[in-house]
2 protein chains.
Amino acid sequence: MSATVHPIGGAARVPSLDPMIQLVAADLNHVNAVILARMQSDVALIPELAGHLIAGGGKRMRPMLTLACARLLDYQGSRHHKLAAAVEFIHTATLLHDDVVDGSGLRRGKRTANIIWGNPASVLVGDFLFSRSFELMVEDGSLKVLRILSRASSVIAEGEVDQLTAQRRVETGEDHYLEIISAKTAALFAAACRIAAVVAEREEPVERALDSYGRNLGIAFQLIDDAIDYASDAQTMGKGVGDDFRDGKPTLPVILAYARGSEADRAFWRAAMAGDRASDADLADAILRLRDTGALDDTFERARLYGQRAIDALGPFPAGRAKAALVEAVEFAISRAY
Amino acid sequence: MSATVHPIGGAARVPSLDPMIQLVAADLNHVNAVILARMQSDVALIPELAGHLIAGGGKRMRPMLTLACARLLDYQGSRHHKLAAAVEFIHTATLLHDDVVDGSGLRRGKRTANIIWGNPASVLVGDFLFSRSFELMVEDGSLKVLRILSRASSVIAEGEVDQLTAQRRVETGEDHYLEIISAKTAALFAAACRIAAVVAEREEPVERALDSYGRNLGIAFQLIDDAIDYASDAQTMGKGVGDDFRDGKPTLPVILAYARGSEADRAFWRAAMAGDRASDADLADAILRLRDTGALDDTFERARLYGQRAIDALGPFPAGRAKAALVEAVEFAISRAY
């Protein structure tokens, strides 16, 4: 099965984020201006540290989704600039805290802020960006947007704690794992899309459709990330390959391989998730076992399923440049591997 | 000079929080019920960790201020229960993150959450409580309250980063230090008081007066805390004595002693703040130097000055049980030493 669902523009074409990037380019300049202006502070370490991550090659995936969904709804105002910046601030805050929680040293191919400035600064600047995101929402003044994004923020934190609890527990089930990534990753994708319907003052079913698009795209996105951690090299990922393996995170590939494996496989995964098999040779061994049990293929397959759901959620919307860009963003997300 | 400003009920009486506690007792039960209900989560670690700190003997100083200020304004509704809980959640989130940032092991005489559950859990549960506080504010629905508390949250984070930057820098000046504590401590005291005027739908000057009361009380409170770190034992403090000294935090006593000291004093403080003098003998030495230069006495004196400002800010309000309780809360705050 091809990674491309509903091919657009010929079967040979590789899906890309370019149509979405072009669609929102002018809006994204406004968003970037808000981001730069609002990460400033008289306390110099704040813009220094925040700028390292914010200017550091992120795709701006979540704010682009807010902007693209607003285009899909033919929204003509500019409220979404501030709100897209708020979404990016929430995302940046969670990245800063995630890197502290995981003790990560590399993100997007660069040294992480916690390595350069230390964990305390990363925790506190994350708190600043998170607070600043609420200030931006308050300036916009929509209680509905505030409700959606404060709820998403709680759910993200719950998902992160849930994942921390599941760490090193190989017996984490597929359903539980999907709950974790729905919370820690997909909730913000969903909210980023949903708030476009709020600013465009569209009815509840439109909100729900965009929420569903974002949520399913977010799950697909995370599943592919999880698979790539075992299927790619550090350059493609922009972070260290095998990070999840060494951190003992039971992501879907491991959960499937554990469920399907022999007694020897299971013993291997128990030892690996417990941290007793963390060498490069063990990682190579793990990848072989993931391939042998079809766990990687099936993780990609499930990502494609969620991707298809995201695309189907756009069904009710009229064809056009925005819809095509949103569809291709999904195809891009699920084609990032191999 | 006595620590008691404008003595009430006889000069011999020791100021206490009891009048405020009695004033708001019924309201505080409602707030505690909101706190308990809203720190719940299906992710068991969240209420477990949050409960350790929230149930762990905190004075509920900030939510009590919201409640007492509402009584001062004769507010008859119940909106302030949710908002006082939101204030306490913000405070709890910052405590969890502070203990990670400082690597603290003891708070209120108990082991800190980061020692029991680890830094990652403390960071993430802090994020959860912070998000939850915004959910509570959104449920209340006042954009003005949201503006006040989101702004306070940004300012707190800025103050914390500023303090981190100042750490181990003995040349931090008194003005800079007052900026730091105005942000990291007094901003939430000010906001906790100010929102009472918003829910009571009182005019801007009332908001400003309560803001001023809270801000000055917060500064006084922090200055006394800073002095007690050198003047008391672990039992009185509920945290380890000399923590600031060993962390190389240039609090006001150190700043004054450094400014006034001999060359030998200065050399001592430079070494101490750099972490090269951190033994119990060094701490005893530090306390002697603080006493000899009058730095501790003058820190208490400054605290009394801010305390007096807080009391004066209440001038326009009618005498009565609420005002008396708020005044005595200040007297209590500045009498906590020796």
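Keep in mind that what you see is a predicted model, and the values were worked out from it rather than measured. Sequence lines set the chain letters: A, B, ... in the order given, protein chains first and strands last, and positions in each chain run from 1.
When A:D102, A:D162, A:L129 are compared by the number of non-hydrogen pairs under 4.5 Å with chain B, A:D162 comes out ahead. The candidate with the highest count of non-hydrogen atom pairs below 4.5 Å against chain A, out of B:A157, B:G159, B:S150, is B:S150.
Both the backbone and the side chain of A:S154 come within less than 4.5 Å of a heavy atom of chain B. With a 4.5 Å cut-off on non-hydrogen atoms, A:N119 does not touch chain B at all. Within the 4.5 angstrom heavy-atom criterion, only side-chain atoms of B:L164, from C-beta onward, approach chain A.
Expressed to the nearest 0.5 Å, how far CD1 of A:I156 lies from CG of B:L124 amounts to 11.5 Å. Rounded to the nearest 0.5 Å, atoms CZ (B:R132) and OG (A:S153) are 11.5 Å apart. Taking CD of B:E160 as the start and CG of A:D127 as the end, the distance is 8.0 Å to the nearest 0.5 Å.
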B:F130/A:S131 under side-chain contact (heavy atoms from CB on, under 4.5 Å): CA gap, chis, key distance, verdict: CA-CA 9 Å; B:F130 196 55; A:S131 304; 3.3 Å; yes
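For residues 34-51 of chain B, the interface with chain A (any heavy-atom pair closer than 4.5 Å) comprises B:S41, B:D42, B:V43, B:L45, B:I46, sorted by residue number. Residue-level contacts of residues 181-197 of chain B with chain A do not occur; threshold 4.5 Å between heavy atoms.
When all heavy atoms are compared, the tightest approach of B:L143 to A:G141 is CD1-O, 3.3 Å.
When each of B:K144, B:R151, B:R147 is tested with A:V138 by the rule side chain to side chain contact (heavy atoms under 4.5 Å, CB included), just one qualifies, namely B:R147.
Remark: A:E174 CD is packed, more than 12 non-hydrogen atoms of other residues, nucleotides or ligands lying under 6.0 Å away.
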